[in-house]
Amino acid sequence: MALPSADELEQLPEIEKQWAVKATQYAETYFRLISSIDGKSLRLTPIDDEIYQDFQNTFPNFSLIEIDEEEMKSTNGKEIWRNWIMKYEKRVSDYNFGTLLRKNVDGDYTEENTMFVTRMQVRQEISKA
């Protein structure tokens with residue numbers, strides 16, 4: 001039996017709260033990770049280079065420094081993003097999960113500098129040495 005998609009589910013407050021908690025946990029982990037490792041050596045999936053190249057081709061004018069939230073969350077922006085992440089549905093686990101994204105790369109995760117988005121890429125398990 002197939003489960004309903006997120007679009008088919010009613011957005012219940014408890015479900016949204018669970019997503020927010022999980023997204024906050026990922027944000028905290030990710031921020032610690034990028035604060036301690038050179039981003040050029042960081043690999044989140046085995047296909048990171050392919051994903052990045054495809055991202056650059058699909059979104060040639062997308063600023064990674066200062067994200068335009070209105071454009072990203074516009075009807076057209078959502079459609080383009082959704083179509084892009086769907087290409088990786090079978091190749092990246094949890095490709096359709098929510099996450100917190102900093103609008104400005106130089107800022108911290110604050111209410112003013114954070115937006116909730118659908119993420120496409122997840123962190124591989126990193127062994128603690």
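Counting begins at 1 with the first residue of the sequence.
A salt bridge is absent between E112 and K103; no separation between the charged side-chain nitrogens and carboxylate oxygens falls under 4.0 Å.
Not a single donor-acceptor pair under 3.5 Å links the side chain of W81 to the backbone N or O of N76.
Taken to the nearest 0.5 Å, the CE atom of M72 stands 7.5 Å off from the CZ atom of F59. For the atom pair I80 CD1 and T75 OG1, the distance stands at 11.0 Å (nearest 0.5 Å). Of the inter-residue distances, the one linking M115 atom CE with E69 atom CD reads 4.5 Å to the nearest 0.5 angstrom. Note that CD1 of I51 is 6.5 Å distant from CH2 of W84, once rounded to the nearest 0.5 Å. Rounding to the nearest 0.5 angstrom, the gap separating the CD1 atom in I85 from the CZ atom in F55 is 12.5 Å. Separation of atoms CG (D106) and CD1 (I65) is listed at 6.5 Å; rounding is to 0.5 Å.
In terms of heavy-atom proximity, S74 sits nearest to G77 at OG-N, 2.9 Å. Between N113 and N104, the shortest heavy-atom distance links the atoms OD1-N, 2.9 Å.
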Salt bridge (Lys or Arg N to Asp or Glu O under 4.0 Å) assessment of R102 paired with D108: CA-CA 7 Å; R102 291 178 298 150; D108 289 332; 5.6 Å; no
Would you sort out whether D68 and F62 count as a side chain to side chain contact (heavy atoms under 4.5 Å, CB included), showing the intermediate values? CA-CA 8 Å; D68 182 345; F62 192 95; over 6 Å; no
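Other residues, nucleotides and ligands contribute over 12 non-hydrogen atoms within 6.0 Å of the NZ atom of K73. Heavy-atom neighbours of Y109 OH from other residues, nucleotides or ligands within 6.0 Å: above the threshold of 12.
Exactly one of I67, L101, L100 qualifies for a side-chain contact (heavy atoms from CB on, under 4.5 Å) with V117. That residue is L101.
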